[in-house]
Amino acid sequence: MTSHKGSLERYNAKRNFAITPEPSGRAKQKSDTTPKLSFVIQKHWARRLHYDFRLELDGVLLSWAVPKGPSYDPAEKRIAVHTEDHPLDYASFEGEIPAKQYGAGSVIVWDRGTWEPVGDPREGMAAGKLLFNLYGEKLAGRWELVRIAKPGDKSEQWILFKKRDAWARPLAEFDVLAAFPDSVIAKPLGALTQASLNAPDMDAAETVTDAPLAPLPAKLAPQLATLSPTLPAGTGWVVETKFDGYRMLARIEDARVTLFTRNGHDWTRKLKSLAAELEKLDISEGWLDGEIVVLRDGVPDFNALQNAIDRHRNEAIVFFAFDLPFWEGRDLRNVPLVQRRAKLEALVAGHSDRVRFSEAFDAPPVQIFQAACKLGLEGLMFKRADATYVSARSQTWIKAKCKLRQEFVIGGFSDRSGAAKEVGKLYLGVYAEGELRYVGGVGTGWDSATAADLKKRLTAIEIEQSPFSTEARSSRRWGGNRAAEMRWVKPTLVAEVEFSEWTPEGQVRHASFKGLRTDHAPISIRREAVQTAVTPHGVSAIKVTNPDRVIDKSEGITKVELVRYYESVAELMLPHLQNRPLSLVRAPEGIDAQTFFQKHAETAMPGLTEQPSSLWPGHAALLTADSPEAIVAAAQMNVVEFHTWNSTAGKIDRPDRVIFDLDPGEGVPWETMLEAAVLVRTLLDELGLQAWLKTSGGKGLHVVVPLAARRSYDEVKAFSRAAVQHLAATLPQRFTARSGAANRKGRIFVDYLRNGFSQTTAAAFSARARPGLGVSMPVSWDQLPKLKSGAQWTIRDAREYLSFQVADPWEAYWKTKQVLTTAIKRLQ
């Protein structure tokens with residue numbers, strides 16, 4: 001087995017630095033002022049895609065090639081081939097390694113950050129077992145590398161896998177490679193862990209001594225957060241985990257702790273050992289605000305917390321402290337939050353495993369929220385950094401939930417079929433205008449013991465009449481058996497329930513019981529708004545109806561795949577769609593069934609903009625997609641293709657582009673298509689016009705010429721007809737200006753008809769309703785010889801390709817406004 005020597009001899013010997021742009025160099029030793037060790041993961045598309053995992057040690061980057069890339073799933077043991085050490089300068093390398101050079105292909109920096117070895121890393125390398133923590137922009141938590149190669153093996157194979165902790169997540173629920181495909185240099189996320197907005201700042205912490213003196217109040221109502229349907233905008237927010245537990249306030253007087261629930265109930269006797277642990281803090285007087293949880297595999301587990309409380313086994317309960325309203329005779333409620341938290345961290349951080357400081361995340365809220373949801377957390381808290389502490393619900397504290405989950409009042413139940421001592425279903429309600437309104441039932445989420453305990457509790461409060469103001473129904477089959485008779489109870493118990501969605505009738509769907517809550521008064525239970533998950537590009541991950549419906553039988557592509565594709569490219573696609581009238585191809589039953597075009601607002605299309613009907617007199621309102629959310633909403637409404645006009649709604653009769661659609665006839669080889677695109681570009685060059693290229697997503701190519709929006713559609717169409725007729729007359733064996741299959745057999749029809757008023761062309765990044773769901777992809781002219789077909793990319797691999805694209809090949813397109821005066825004269 002090889003051992004770590006910190007040598008770059010093998011690295012240098014494999015490369016010709018006169019050709020490759022990769023950095024050369026010698027091992028470096030970092031100064032003592034920068035003791036943290038760096039790590040980098042480079043996404044490398046050589047002969048095949050793989051990920052290069054590199055850890056800094058002794059002045060070099062230890063390196064492994066991981067073919068399948070890392071996974072947050074501890075069950076996913078990924079092969080990692082130990083390769084030559086790399087120089088530290090390699091950590092920032094992105095670019096193209098030329099053909100015939102070692103590792104030829106594209107490289108991006110997929111993740112970066114710092115790593116922390118557990119134990120001596122040199123001994124770990126020698127023993128073949130390296131345990132470490134990662135603090136990256138995409139990867140976090142504890143990981144392990146284990147050598148599995150035997151002496152004499154051709155390659156030194158290790159395995160890389162995630163250890164079970166708060167960040168571990170099943171692959172079926174979260175694939176970090178798919179969620180974050182891009183470069184962190186081109187599209188930085190910001191660290192997901194250990195980077196706190198309120199990192200210890202002793203100057204800030206000391207300012208709390210300027211707060212006014214005040215007696216310690218006997219009771220303190222907690223500050224409450226407002227549930228928001230969107231993530232807060234702007235800067236100045238402290239972002240914390242929303243814990244799945246019970247709110248708890250700790251009052252400390254003469255170094256003795258009393259624990260209160262949010263409603264002021266004294267739970268000190270229930271949580272004796274936790275109170276004793278809090279008394280070990282170096283605080284003689286004050287109030288701490290926090291949350292109690294029980295962690296399972298590093299993630300808060302509400303059921304486990306409730307069991308721990310009910311069975312008086314609270315050694316596993318952890319108190320996460322997040323605020324300090326009072327401290328040592330001073331009222332800190334008017335001190336800015338960041339200063340209260342700085343002092344709190346100095347008092348609590350590192351104290352014990354049972355009393356912890358609630359860390360904040362320093363990264364864009366969109367990325368943090370998605371990561372939190374993917375990792376199974378309940379959601380996030382957003383608190384204004386300059387906020388005071390108020391004993392009320394406020395807008396300075398915002399909560400955003402990942403899942404549809406809230407409290408409901410139990411108004412009834414029915415027995416489990418075949419098990420009369422167990423509850424089979426609970427009937428739920430929320431209060432509105434003083435009335436308890438029925439919102440549906442829940443019949444899963446408990447084991448037999450919990451079901452029996454619920455039955456006993458509910459039987460004790462059974463009543464004759466329904467407490468609901470609206471009718472409660474149980475006509476559906478439940479668990480394979482028709483639900484038993486509905487029985488009613490006093491509305492005194494509160495259940496926490498997770499569910500998939502609210503129906504239009506106001507009922508919960510696919511509900512799952514999480515536990516009873518004793519810290520919420522039933523009369524306070526209302527229907528809450530819910531924050532949906534967010535993609536890295538800031539688009540709401542809307543609920544997809546019929547997600548598993550196959551929309552392309554040839555490849556087994558499902559509806560949810562198409563929707564998620566449009567989510568992933570929505571920001572890139574938007575400039576090609578915004579304020580431009582659309583023609584949409586919809587496929588309600590998939591592309592193998594009937595599809596249809598929609599140009600007007602004939603049916604409801606949530607998210608899309610209806611333009612004034614005066615734009616096109618005599619026709620219904622035109623539609624535009626003016627936001628990423630609109631693109632995704634359209635995909636959810638079974639839109640497969642987005643086609644756009646050559647003009648915007650603001651200048652509906654003045655096109656700002658002309659398109660030449662190269663459509664091959666039967667028998668035309670692909671090489672001829674490539675030559676044809678070059679010939680079209682050559683003609684346009686001679687006419688003094690710059691053109692851009694994209695695949696059609698089908699059989700052909702699109703050559704697009706941007707224009708100043710000055711001429712009419714008739715003039716632009718006449719120009720395009722003249723250009724195509726010139727091509728056909730000059731090279732009749734290759735081109736035809738006449739449509740129809742018979743006219744283009746063995747030739748290419750350059751379709752100029754798309755340049756007429758109201759005519760449309762498939763937009764850049766649009767999928768096509770054809771087998772495989774090809775994508776219309778913008779490319780550079782330098783890429784033309786490498787293209788293999790007009791449908792080279794599909795919705796399944798387009799996003800992967802785009803993750804390697806450092807520069808936009810159409811960047812200059814948007815700044816180019818050309819006129820046709822000279823071109824028209826030259827064609828005459």
Side-chain angles (χ1 to χ4, degrees), residues 2-11 22-44 51-66 69-70 72 78 80-94 107-147 156 158-163 165-167 176 183-185 188-196 199-200 349-350 359 361-363:
T2 59
S3 62
H4 173 57
K5 297 180 181 179
S7 170
L8 296 176
E9 292 178 6
R10 290 180 61 205
Y11 172 84
E22 298 167 282
S24 61
R26 295 175 297 178
K28 296 181 179 180
Q29 293 294 339
K30 293 170 69 173
S31 67
D32 293 337
T33 59
T34 55
K36 290 187 177 181
L37 297 170
S38 65
F39 87 90
V40 65
I41 300 177
Q42 278 151 318
K43 189 174 178 180
H44 189 174
Y51 293 77
D52 293 317
F53 186 86
R54 312 191 196 279
L55 301 173
E56 176 194 346
L57 188 65
D58 293 335
V60 299
L61 293 171
L62 310 183
S63 297
W64 290 262
V66 185
Y72 270 107
R78 299 291 169 87
V81 180
H82 190 202
T83 63
E84 73 276 11
D85 296 343
H86 282 52
L88 294 183
D89 291 342
Y90 207 95
S92 60
F93 173 68
E94 287 193 329
V107 178
I108 62 172
V109 175
W110 182 78
D111 195 19
R112 61 184 174 182
T114 61
W115 75 288
E116 176 184 71
V118 178
D120 188 321
R122 296 162 194 85
E123 292 179 1
M125 286 296 294
K129 186 178 177 65
L130 192 61
L131 191 64
F132 51 92
N133 297 317
L134 294 180
Y135 306 111
E137 298 186 36
K138 296 174 183 175
L139 298 188
R142 183 156 295 185
W143 299 74
E144 189 168 4
L145 275 162
V146 176
R147 187 168 55 221
E156 186 180 328
W158 297 53
I159 54 174
L160 171 69
F161 59 95
K162 183 75 186 68
K163 302 293 283 185
D165 59 13
W167 294 96
V176 67
S183 161
V184 292
I185 292 178
L189 297 177
L192 292 176
T193 60
Q194 298 291 308
S196 173
E359 299 284 353
F361 300 97
D362 184 13

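FYI, side chains are in, hydrogens and waters are out, and symmetry mates aren't considered; it's all heavy atoms of this structure.
Remark: the Gln42 side chain and the Asp52 side chain contain no N/O donor-acceptor pair separated by less than 3.5 Å.
A side-chain donor-acceptor contact under 3.5 Å links Trp143 to the backbone of Ala140. The main-chain N or O of Leu134 is never found under 3.5 Å from a side-chain atom of Arg142 such that the two would form a donor-acceptor pair. Tyr11 places no side-chain N or O within donor-acceptor distance of the main-chain N or O of Ser24, the cut-off being under 3.5 Å. Side chain of Asp111 to backbone of Lys138: a donor-acceptor contact under 3.5 angstrom is found.
Shown here for Pro70 and Val176, the closest heavy-atom pair between the two residues is O-CG1, 3.8 Å. Closest of all the heavy-atom pairs between Pro87 and Pro23 is CG-O, 3.9 Å.
Of the inter-residue distances, the one linking Leu88 atom CG with Leu61 atom CG reads 5.0 Å to the nearest 0.5 angstrom. To the nearest 0.5 Å, the span separating CG on Leu131 from NZ on Lys163 amounts to 6.0 Å. To the nearest 0.5 angstrom, Lys36 atom NZ is 9.0 Å from Glu116 atom CD. The distance from atom CG of Leu145 to atom CG of Leu55, rounded to the nearest 0.5 Å, is 6.5 Å. Atom OG of Ser38 and atom CZ of Arg54 lie 11.5 Å apart (nearest 0.5 Å). Note: Ile41 CD1 to Glu137 CD = 11.5 Å, rounded to the nearest 0.5 Å.
For Pro121, the side-chain contact (heavy atoms from CB on, under 4.5 Å) partners are Leu57, Trp115, Pro117, Leu130, not counting sequence neighbours. Residues forming a side-chain hydrogen bond (donor to acceptor under 3.5 Å, both in side chains) with Thr83 (at least two apart in sequence, or on another chain): none. Phe93 meets the ring pair (Phe, Tyr, Trp, His ring centres under 6.0 Å) test with Tyr90; sequence neighbours excluded. Applying the side-chain contact (heavy atoms from CB on, under 4.5 Å) criterion to Ala127, with sequence neighbours excluded, gives no partner residue. Listed by chain and number, the residues in a ring pair (Phe, Tyr, Trp, His ring centres under 6.0 Å) with Trp64 are His82, Trp158 (sequence neighbours excluded). Arg78 pairs by the salt bridge (Lys or Arg N to Asp or Glu O under 4.0 Å) definition with Glu76, not counting sequence neighbours. Checked against salt bridge (Lys or Arg N to Asp or Glu O under 4.0 Å), Glu84 has the following partners two or more places apart in sequence or in another chain: Lys14, Arg15. The side-chain hydrogen bond (donor to acceptor under 3.5 Å, both in side chains) search around Glu123 returns none, not counting sequence neighbours.
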Verdict with reasoning, Ile185 to Glu94, per side-chain contact (heavy atoms from CB on, under 4.5 Å): CA-CA 9 Å; Ile185 292 178; Glu94 287 193 329; 3.9 Å; yes
Could you walk me through whether Phe53 and Leu62 pass the side-chain contact (heavy atoms from CB on, under 4.5 Å) test, one step at a time? CA-CA 8 Å; Phe53 186 86; Leu62 310 183; over 6 Å; no
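Residues Glu56 and Val40 fail the side-chain proximity criterion, which asks for heavy atoms closer than 4.5 Å. Here the side chains of Asn133 and Val118 are in contact, with some heavy-atom distance below 4.5 Å.
A salt bridge links Arg122 to Asp58: one of the charged nitrogens lies within less than 4.0 Å of a carboxylate oxygen.
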